[in-house]
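See below for the structure under consideration.
Proteins come first, then strands; the chains are lettered A, B, ... in the order of their sequence lines, and each starts at number 1. Being a predicted model, the structure only gives us computed values, none of them experimental.
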2 protein chains.
Amino acid sequence: MPTYTPPIKDIQFVLHDVLGISDRDIPGYDELDREFTQAILDEAGKVASEILAPLNAVGDHEGCTLENGVVRTPKGFKEAYDQMREGGWTGVDADPEYGGQGMPNIVLTATGEMFSSANMAFQMYNGLTHGAMSAIHAHGSEEQKQTYLTKMISGDWGGTMNLTEPQCGTDLGLIRTKAEPQDDGSYKITGQKIWISSGEHDLTDNIIHLVLAKIPGGPDGVKGISLFIVPKFMVNDDGSLGERNSLSCGGLEEKMGIHGNATCVMNYDGATGFLIGEVNKGMRAMFTMMNEARLSVGLQGYAQGEVAYQNALGFARDRLQGRDVTGTKNPDGPADPIIVHPDVRRNLMDQKSFVEGARAFVYWGATLIDEGHRKQDADAEAMISLLIPVIKGFLTDKGFETTVLAQQTLGGSGFTREWGLEQYVRDARIAMIYEGTNGVQSLDLVGRKLGSNGGKTIMAFFDLVKAFIKENESNEAIKAEFLDPLKAASKDLQAAGMYFMSEGMKNPMNALSGSYDFMLMFGHVCMGLGWAKSAIAAQSALDNGASDKDFYESKLVTGRYYMQRHLPMTATHLARITSGGETVMALDAANF
Amino acid sequence: MPTYTPPIKDIQFVLHDVLGISDRDIPGYDELDREFTQAILDEAGKVASEILAPLNAVGDHEGCTLENGVVRTPKGFKEAYDQMREGGWTGVDADPEYGGQGMPNIVLTATGEMFSSANMAFQMYNGLTHGAMSAIHAHGSEEQKQTYLTKMISGDWGGTMNLTEPQCGTDLGLIRTKAEPQDDGSYKITGQKIWISSGEHDLTDNIIHLVLAKIPGGPDGVKGISLFIVPKFMVNDDGSLGERNSLSCGGLEEKMGIHGNATCVMNYDGATGFLIGEVNKGMRAMFTMMNEARLSVGLQGYAQGEVAYQNALGFARDRLQGRDVTGTKNPDGPADPIIVHPDVRRNLMDQKSFVEGARAFVYWGATLIDEGHRKQDADAEAMISLLIPVIKGFLTDKGFETTVLAQQTLGGSGFTREWGLEQYVRDARIAMIYEGTNGVQSLDLVGRKLGSNGGKTIMAFFDLVKAFIKENESNEAIKAEFLDPLKAASKDLQAAGMYFMSEGMKNPMNALSGSYDFMLMFGHVCMGLGWAKSAIAAQSALDNGASDKDFYESKLVTGRYYMQRHLPMTATHLARITSGGETVMALDAANF
């Protein structure tokens, strides 16, 4: 059975040494000093390691069951959910006006990482509710907020997002679910939605479905889509639950992983729904919460990598096999622990340098979200909007790869259910697909985000990297090992951007054929930036005589490893990109 | 439900256009003309697509069951096995003296690819028997061959390889299974073996276990290991089955994939065994069949990639979502098929260029095996021995990645069991682990194979690439697009080899920390060579007025794609390698 140890020291390092959150001029950040975040992280860490982690394998083995329209979550999920609700974890960053704790996204992100590492399938119930809450908070009427939001923040009710239909996932213009206006201002919702995570379950008294549907007679395509609140149980004026709405779970999807989360076919048979936001502006309402949702999926990716790495490391320290080629390390044992072997270390360092760099990257993203929301900082908003497809696409791709590497560390044991590594691989896999496949993320990045604001935001990103390098280049130790590789990688990224501009003008396929590589190379540059910042923070702690020398020196070594062994990938991505779209587009579909 | 179409045209292309097998001066190859291989491939293709493929999902869902020591394979496996046995597929390349068909390894490889694509878990039963047959053929006495080999070749009996024990997998020096000599010349075998593929099942009347064990009083470590034949049922002098031997299946492993194959805990409780080969030379006996076994695992890797790609392609042609940015392609439909989108094509071309290049690579390897065995060509033997860790490690890593890419093509459908792509991912995963993990392959390559014969074999490889380039460089079209990139990649590989020589002398960790990257870059060079050969063959077919222009032109495009988009990886691998072992080895185990 795998174990999970909350990496609180590493989280604190990023929050305080790297990002210096309590010194930042962001409303709500002033109280986030080391002691405060330590206390929160300790509490969340306990929930993660003591309540959620022990249910991870249970959830996988048992899965969810559907009987007579009732979905039962795995044994123990309900009790765990109640404990999380009672602990206030369902409303961490929610508006205090509706009962939330009003903490910044950075706190949601840091605690969410641990919940997600401990039990991804479980945490998805909270994740979907959070998405629905964000939409209602941003677009709902005051009455809708009072009616639904308060109960969702308290954790009494759950929430879902209903987008996909059998004939459409990415291309939402094709949805068929109908919303027919009724005399009382409500709508009758009819249609089938599929792959609805947390669509039906026994954790909460009510479930508030947010459903994309078309009002008959509206414009074609995405311009005719509206968003509706469709509660499982109708809500009486006094807030008590009324009759069952005409909707039901028609089936559970059998899938590769996240078995503990119910993935439902949802049938709406003239169910009563209430418009949220404006008519035909459903896509906009949906997209306002996309940044946060996609950041949290990126988080899932590396969170699975983190827990998988922890277990790979434990195995590598314990498993005795072979001898160190430079001399026996464990003379009293029959063999040395496999962590002495260079290729095992290479594998572990790939994992470690990814998860620690990813944390610095994604937490930085969370501070940008907070700057956008809490300071109405349009530049921060634009920057996080640019980075979101990178956070989602890069971190879930590499997070999945990290779980595969961790599984490999265990050799044959990694393939068995008993050791549990294979579950991390299966669970992490979905994060590359949902919330927009990573291919779609790359199109969003290259097709929309790069050119948005007339290209100002991407230039601001390069300026930011340049300024960071300039500011720190007098630090000789850091310059050669961190800043120079970062500069080289950033130049590759710029060259790719220039290629898109010049060759994409001639033929858009030249740009779009390179979108995935661009997303990945962008990720490497952001990781390089995160590691350079981390290295400066670690060096500074050492210079200031930090007591835990080993910890900070380990950060420097791990960062150097990433710069040496991963940043050079940008050159290959650039070569792929500049080969253009010709061979990609050449074949007729029939000649594949 | 996924489908499988035998890629016979592609196989024939490699056998005849690329490798020109019937013109090669290898005993047994003269009869392998196009018509002959077409007939064999058609027959094997029917078995694969009509008998084995329909059982693939069944085997995955149902798995094997153990009850009272009896293992039942999934419904339909027994009938399918009987059909394969009756068709003579269990003895394709076996010695005619014992009832085999005596065909070269190239035929076994080409037919095995299809069986493996169609149903990897099923084909493993044949694969393990094949391994055991090879060992008995190479090291058994004439009596042992008459007793066991004939029945295994006919498919009446199965075989297994018993190496791993709970405390040792890679480090076989630690095995504890005892073999105590008896007065009659036999041995009593006592111990526990784990992860024994096909260890117990209901497909054959008897199972011949080959078991590594130590004779008490022998040398420590691997020098004290001997190999034993331990039949499930004793064999009477007349060849009939006698009493049950004292061995049993103690449990089935629950694992991530290949559920249709029984992975057994095998308990030997004083079972009667017979020495095969010499006392204390068990490892050597085991290793003689390693080349073939590892080639067949490399084959599994890309065979899963092939079938996954086929299904991804089918989906991409059918699924309507979004519109071609350069203009609607399917005006009568609600959307265009997703194969119009550049990033979907990028993904498909990654898959296609891998599986087709891999076929050219591994079939070339099979011809080297045949040259080694059938012509006693020591150079060919040395070359395949050098290439085997590359074939096994590179093709299973990239084959697995290809199944992941194919799964991604399907978006959310790829994560569901219904579409079946996720099974290919789970099944392909084991190939990176068994028959020596890919990390162990890379150590074998860099630590043993590179320096063997005083480095002559690796020099012969570079000479071969150089001679190939020289021979073809007057072909202008081929030169720029295939030979130049191949030359550059080969130079990177040489530079890595030079780095190992100079820096590995100073500190072996500098070489061993780069072994995995070396294995992968070696793989890219071999793929580049395979694609360059394929391109020349395709170009020549076109020049000679081949009727199927589209087919050959598709080969040229796909090859160019690989050269442009995958060969540049060698530069990044070289950068990783030349960063040396310092950051890999720097951390104390406690400071990870």
Side-chain angles (χ1 to χ4, degrees), chain A residues 164 168-171 174 195 253-256 313 317 321-322 325 334-335 339 342-343 345-346 348-349 352 408 411-412 415-417 422 429-430 432-433 437 439 442-443 508-509 512-513 515-516 550 554 557 560-561 564-565 568-569 571-572 575-576 579 581 583-587 589 591-592, chain B residues 164 168-171 174 195 253-256 313 317 321-322 325-326 334-335 339 342-343 345-346 348-349 352 408 411-412 415-417 422 430 432-433 437 439 442-443 508-509 512-513 515-516 550 554 557 560-561 564-565 568-569 571-572 575-576 579 581 583-587 589 591-592:
Chain A
T164 306
C168 67
T170 300
D171 189 354
L174 303 178
W195 303 342
E253 204 69 53
E254 281 194 80
K255 52 200 194 292
M256 183 184 194
L313 177 59
R317 283 174 173 153
Q321 210 74 174
V325 292
I339 199 169
D343 188 64
R345 282 176 163 263
R346 186 270 315 156
L348 290 171
M349 289 300 291
K352 178 177 169 66
Q408 192 72 11
F415 199 65
T416 65
R417 292 188 84 170
E422 60 95 34
R429 184 65 185 87
I430 188 60
M432 295 157 69
I433 297 172
T437 66
S442 77
L443 290 185
M509 295 312 186
L512 297 175
S513 297
S515 62
Y516 209 93
D550 286 345
S554 170
V557 168
R560 278 162 50 216
Y561 182 92
Q564 289 173 1
R565 292 199 167 228
M569 265 310 292
T572 294
R576 282 174 64 102
S579 74
T583 54
V584 176
M585 304 308 300
L587 295 183
N591 292 337
F592 267 78
Chain B
T164 305
C168 67
T170 301
D171 188 354
L174 303 178
W195 303 342
E253 204 70 51
E254 282 193 79
K255 52 201 194 294
M256 183 184 193
L313 177 58
R317 283 174 174 152
Q321 210 74 176
V325 293
T326 59
I339 199 168
D343 188 64
R345 285 176 160 262
R346 186 268 317 156
L348 290 170
M349 289 300 290
K352 178 176 170 66
Q408 192 72 12
F415 198 66
T416 65
R417 293 189 83 170
E422 60 94 33
I430 188 60
M432 295 157 69
I433 297 173
T437 65
S442 77
L443 289 185
M509 295 314 186
L512 297 175
S513 298
S515 61
Y516 209 93
D550 286 345
S554 171
V557 167
R560 278 163 51 216
Y561 182 91
Q564 289 172 0
R565 291 200 169 227
M569 264 310 292
T572 294
R576 281 174 65 102
S579 73
T583 54
V584 176
M585 304 308 299
L587 294 183
N591 293 337
F592 266 77

Under 4.5 Å from a heavy atom of chain B, the part of [X] involved:
| X | value |
| --- | --- |
| A/S515 | side chain |
| A/L174 | side chain |
| A/R346 | both |
| A/S513 | both |
| A/I430 | both |

Choice from [options] maximising heavy atom contacts with chain B below 4.5 Å:
| options | result |
| --- | --- |
| A/M585, A/E254, A/Q321 | A/Q321 |
| A/M432, A/R429, A/M569 | A/R429 |
| A/K255, A/M256, A/E422 | A/M256 |

Taking the side chain as every heavy atom from C-beta outward, state whether [X] and [Y] have any pair of such atoms under 4.5 Å apart.
| X | Y | result |
| --- | --- | --- |
| A/V557 | A/M349 | yes |
| A/L443 | A/L512 | yes |
| B/L587 | A/L348 | no |

For B/T583 and A/Q564, test the side chains for any donor-to-acceptor distance below 3.5 angstrom and give the result as yes or no.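 The criterion, which ignores hydrogens and geometry beyond distance, is satisfied for A/Q564 and B/T583.
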Distance-only, no hydrogens or angles: does the B/R345 side chain make a donor-acceptor pair with backbone N or O of A/V584 under 3.5 Å?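 Here the side-chain-to-backbone pair exists.
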Quick check: does any side chain N or O of B/T572 sit under 3.5 Å from a backbone N or O of A/P568, one acting as donor and the other as acceptor?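 Looks like yes, one N/O pair under 3.5 Å.
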Would you name the heavy atoms of B/D171 and B/C168 that are closest together and state the gap between them?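 Residues B/D171 and B/C168, closest heavy atoms: O-CB, 3.2 Å.
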On a heavy-atom basis, which atom in B/G439 and which in A/D343 lie closest, and how many Å separate them?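 In this case the closest contact between B/G439 and A/D343 is CA-OD2, 3.2 Å.
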Counting heavy-atom pairs under 4.5 Å with chain A, which one of B/G412, B/G581, B/S442 comes out on top?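 Max contact count across the listed options: B/G412.
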Region of B/R317 that comes under 4.5 Å of a non-hydrogen atom in chain A: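 Interface part for B/R317: side chain.
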Between B/P508 and chain A, which part of the residue has a heavy atom less than 4.5 Å away: side chain, backbone, both or neither?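 Just the side chain, heavy atoms under 4.5 Å.
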